[in-house]
Amino acid sequence: MKNRICELLQIEYPVIQGGMAWVATAELAAAVANAGGAGLIAAGNAPAEFVREQIHKARSLTDKTFGVNVMMMSPYVEEVMQVLLEEKVKVITTGAGNPAKYIPALKEVGTIVIPVIPSVALAQKMQKSGADAVVAEGCEAGGHIGELTTMTLVPMVADGVDIPVIAAGGIADNRGVKAAFALGAEGVQVGTRFICSEECTVHPNYKDMVVAAKDRDAIVTGRATGHPVRTLKNKATKLMDKLEKEGNLEEFEKIGMGALRAAVVDGDTEMGSVMAGQSAGLVKDIKSCKEIVKDLFLDIAF
Ligand code: TUI
């Protein structure tokens, strides 16, 4: 059986991988694609030519569906979009901003556009602008987050738009997928669970910290700055909390700079930014992407 997300993306299982900056490399995107979902390379804050190389690398690793996640706050967003048009990437997801002005050109080259949105109003705007589907991401997710929970956001967005809705935030196992479908979603976006895959190239310290995480370890910093970010609790978050309470936002920002790279590449899980969702508490092991996808959809007809 196939639903609208499987048909739109030509995938076997209606799962897309979260576009995690630094974490979601060509290797991970290709592994998720080969497992029957849609893989995404995260452009994050990377320059456009790096993104092009990643696209070429993924093409060498899979002939299945993969795309690119564009972080709209990146200083390179214009150049990255230009590369995506030149490369005629099959699908893009976007985060941390509004991609409306780029949609006509992307549709022109046949790219499927799926914005990640934190509200009903933005979902409706994206539908009007020509988006093919939306990811409704609740604040259980890792990284930069909105206000609403997955439990409330997904059904409200499903009621508010006609295009298919993909649920995100807090989904890491079979129960989460069933719940998302019950809320009106036709697909799921999964991030944290894929960090702990064999194919994910993050430093082993990062994977170990996600596996060890308990229910209340994925916390939010930066509410005072207007850019709340969910990461695993560590020395850096304790310091950031203190600086935030003191109103020292300048020092706060300094800790954040380069911290994601430090965690992902160098394995600095003390002062690095170990972005992960609340579902980290559900992740108990490291498995192949094939096993993860199989487990997610066990017993589910869609
Ligand atoms: O984008 C994400 N998650 C991210 S992006 C990221 S990189 C970063 N790091 C530190 C600070 C800021 C960014 C790490 N994690 N998820 C999707 C998402 N998009 N969540 C919320 C939004 C969003 C917010 C506002 C989408 C659109 C939006 O539009 C505002 C507008 O322009 O109307």
Side-chain angles (χ1 to χ4, degrees), residues 16-24 40-46 51 67-77 80 92-103 113-129 131 133-150 152-154 157 161 165-171 188-192 194-195 202 206 218-232 236-237 240 244 249 252-264 272-280:
I16 74 172
Q17 167 233 312
M20 303 165 282
W22 286 102
V23 174
L40 274 307
I41 295 161
N45 277 320
V51 178
V68 174
N69 170 269
V70 183
M71 212 280 278
M72 299 304 298
M73 281 171 23
S74 163
Y76 301 109
V77 65
V80 166
I92 73 154
T93 61
T94 63
N98 181 342
K101 71 170 179 178
Y102 300 100
I103 296 180
V113 182
I114 309 183
V116 180
I117 51 88
S119 69
V120 176
L122 202 54
Q124 289 172 333
K125 246 192 226 173
M126 294 301 100
Q127 173 169 272
K128 265 204 193 115
S129 303
V134 286
V135 175
E137 188 179 279
C139 60
E140 296 93 322
H144 175 57
I145 52 169
E147 284 289 333
L148 294 170
T149 60
T150 303
T152 53
L153 179 65
V154 172
V157 172
V161 298
V165 176
I166 297 168
I171 304 166
V188 291
Q189 177 191 270
V190 171
T192 302
F194 284 124
I195 298 173
V202 298
Y206 201 118
I219 58 154
V220 179
T221 52
R223 284 211 163 94
T225 67
H227 291 125
V229 172
R230 188 179 298 283
T231 63
L232 295 184
T237 62
M240 287 169 96
E244 212 174 336
L249 298 184
F252 177 96
E253 299 285 357
K254 273 191 201 157
I255 297 174
M257 286 198 304
L260 181 58
R261 186 194 179 282
V264 172
S273 175
V274 187
M275 290 188 189
Q278 290 182 339
S279 71

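When a ligand or atom number is given, it counts from 1 through the structure's own listing order.
Of the protein's non-hydrogen atoms, the one nearest atom 10 (C) of ligand 1 is Val229 CG2, 4.0 Å. For atom 25 (C) of ligand 1, the nearest protein heavy atom (residue, atom name, distance) is Gly97 N, 4.1 Å. The nearest protein atom to atom 9 (N) of ligand 1, hydrogens excluded, is given as Met275 CE, 4.0 Å; this is a heavy-atom distance. The single protein non-hydrogen atom nearest to atom 14 (C) of ligand 1 is His144 N, 3.5 Å, given as residue, atom name and distance. Counting protein heavy atoms only, atom 24 (C) of ligand 1 is closest to Pro118 CG, 3.8 Å. The nearest heavy-atom contact from the protein to atom 31 (C) of ligand 1 is Asn98 CB, 4.2 Å. When only non-hydrogen protein atoms are considered, atom 33 (O) of ligand 1 lies nearest to Leu122 CD1, 4.0 Å. Taking atom 12 (C) of ligand 1 as the reference point, the nearest protein heavy-atom neighbour is Met73 CE, 3.5 Å.
The main-chain N or O of Thr150 is found under 3.5 Å from a side-chain atom of Glu140 such that the two form a donor-acceptor pair. Judged by distance alone, with hydrogens and angles left aside, the side-chain atoms of Glu244 form a donor-acceptor pair with the main-chain N or O of Gly222 at under 3.5 Å.
Ala218 and Arg230 make their closest contact through O-NH1, 2.7 Å (heavy atoms, listed as atom of the first residue, atom of the second, distance). Between Met275 and Val229, the shortest heavy-atom contact is CE-CG1, 3.8 Å. Between Val220 and Ile145, the shortest heavy-atom contact is CG2-CD1, 3.7 Å. Across Val68 and Ala43, no two heavy atoms sit closer than the pair CG1-CB, 4.1 Å.
Considering backbone and side-chain atoms alike, Thr94 places every N or O at 3.5 Å or more from each N or O of ligand 1. At a 3.5 angstrom cut-off on N or O pairs, His227 does not count as close to ligand 1. Residue-to-ligand polar distances place Ala96 within reach of ligand 1: an N/O pair is separated by less than 3.5 Å.
With a heavy-atom cut-off of 4.0 Å, Ala21 does not touch ligand 1 at all. If you look at Met72 next to ligand 1, there are no close heavy atoms at all, none under 4.0 Å.
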Please lay out, stage by stage, how Ile114 and Met126 fare under the test side chain to side chain contact (heavy atoms under 4.5 Å, CB included).
CA-CA 9 Å; Ile114 309 183; Met126 294 301 100; over 6 Å; no
Begin from the C-alpha positions of Phe252 and Thr221 and carry the test side chain to side chain contact (heavy atoms under 4.5 Å, CB included) through to its verdict.
CA-CA 10 Å; Phe252 177 96; Thr221 52; 4.3 Å; yes
Going through the distances and angles, do Met71 and Tyr76 end up as a side chain to side chain contact (heavy atoms under 4.5 Å, CB included)?
CA-CA 9 Å; Met71 212 280 278; Tyr76 301 109; over 6 Å; no
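Listed by atom number, the atoms of ligand 1 under 4.0 Å from Glu137 heavy atoms are 16 (N), 17 (C), 18 (C), 20 (N). Distances below 4.0 Å separate heavy atoms of Val116 from the following atoms of ligand 1: 17 (C), 18 (C), 19 (N), 26 (C).
Between Ile16 atom CD1 and Asn69 atom CG the span is 8.5 Å, to the nearest 0.5 Å.
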